[in-house]
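Here is the structure we will look at.
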Amino acid sequence: MRILIVEDERRLAEALGQIMMEQRYQTDLVYDGADGLDYALTGQYDAIILDVMLPKVDGFEVARRLRAAHISTPILMLTARDEVPDKIAGLDCGADDYMTKPFDIGELLARVRALTRRQGEVLGEQLAAGDLVLELSTRCLRRGDKYVRLGFKEFDVLRQLMSHPRSVVPKEDIIARVWGLESEAEDNNVEVYISFLRKKLLYLSSNVTIGTVRKVGYYLEVPVG
Ligand code: CA
């Protein structure tokens, strides 16, 4: 997980960078809007923490230009307390969320997690959806204290579904990803693994279920909130 921090108050930027690194995010720090734009336009970040009042190019303009360039990286804007009307402008220009300075670090981390989770991935080695966490290195699927270790194919199937929660993943895509494009795998092969996974979700008493769209594919049903 890579985070870009664009903040001209160096002490704040460095403190944020430190905190993000402790949370195992890789972070880059830049101190003005022009550098922020250059870095963010590479599209390599999972989230951007963007101050509004910045030298050279302000935060609104950075967000606007990123969206104009079709960079969809989630943006968390930082505004000063007396810039409240800016919050709305911030969201209009393509930011996803905002926080007012001074802010609580715990809340900032929660918001960053929420923003990155929208893309399906959390903290690099895990995927989260609803109450489930899938650990990518160990293939462990957890809900709270309970966990099961998935087989390779089950893992590959679930990983695809969890990367796009609530979206229908076509069966052909699952087959292509899990068994390879040239594979002879039949549709019912996928069904077998989906049924294994459903049993494991039941065992974990998860609030997540796997829905079927007949003749199309599968999706992860995740409760809202
Ligand atoms: Ca500033």
Side-chain angles (χ1 to χ4, degrees), residues 1-130 133 136 162-166 222 224-225:
M1 215 36 38
R2 249 189 129 84
I3 309 280
L4 177 65
I5 298 171
V6 191
E7 168 62 75
D8 59 316
E9 288 167 52
R10 285 191 180 239
R11 282 177 59 191
L12 176 58
E14 274 150 27
L16 281 174
Q18 185 67 41
I19 289 157
M20 289 295 158
M21 270 168 8
E22 282 162 13
Q23 301 291 317
R24 299 196 299 148
Y25 292 104
Q26 283 182 275
T27 49
D28 288 327
L29 304 181
V30 292
Y31 307 106
D32 67 60
D35 282 349
L37 203 49
D38 282 348
Y39 278 64
L41 281 170
T42 63
Q44 62 171 318
Y45 297 99
D46 299 290
I48 301 167
I49 298 175
L50 180 62
D51 187 31
V52 169
M53 297 304 289
L54 287 169
K56 297 186 185 169
V57 184
D58 74 30
F60 296 140
E61 191 57 29
V62 171
R64 240 177 253 123
R65 289 198 210 165
L66 288 177
R67 296 309 184 233
H70 305 291
I71 300 286
S72 60
T73 311
I75 297 173
L76 173 62
M77 276 212 157
L78 301 179
T79 72
R81 198 175 273 283
D82 53 0
E83 298 167 339
V84 173
D86 290 348
K87 288 177 181 174
I88 295 138
L91 297 175
D92 280 352
C93 71
D96 299 86
D97 199 0
Y98 60 83
M99 288 191 78
T100 308
K101 293 186 208 173
F103 47 79
D104 177 80
I105 286 299
E107 195 185 344
L108 177 95
L109 291 173
R111 302 255 187 128
V112 169
R113 277 197 298 273
L115 283 180
T116 51
R117 193 176 301 133
R118 265 178 226 166
Q119 296 189 314
E121 190 145 5
V122 181
L123 293 179
E125 294 120 358
Q126 298 180 338
L127 281 173
V133 174
L136 302 187
M162 285 181 77
S163 299
H164 311 277
R166 299 195 183 92
V222 182
V224 182

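Whatever order the structure lists them in is the order used to number ligands and atoms, beginning at 1. Computation of the quantities below employed the complete heavy-atom set of this structure, encompassing side-chain atoms and omitting hydrogens, waters and symmetry-equivalent molecules.
- Counting heavy atoms from C-beta on, the side chains of Val52 and Tyr98 never come closer than 4.5 Å.
- Residues Gln18 and Glu14 form no side-chain contact, since every pair of their non-hydrogen atoms from C-beta on lies 4.5 Å or further apart.
- The side-chain heavy atoms of Ile49 and Thr27, taken from C-beta on, include no pair separated by under 4.5 Å.
- For Asp46 and Tyr25, the side-chain atoms include no donor-acceptor pair closer than 3.5 Å.
- Only protein N, O or S atoms were considered, and those under 3.0 Å from the Ca ion (ligand 1) are Asp8 OD1, Asp51 OD2, Met53 O.
- Around atom OH of Tyr31, more than 12 heavy atoms belonging to other residues, nucleotides or ligands sit under 6.0 Å away.
- Residues Leu16 and Leu108 have side chains in contact (heavy-atom distance under 4.5 Å, counting atoms from C-beta outward).
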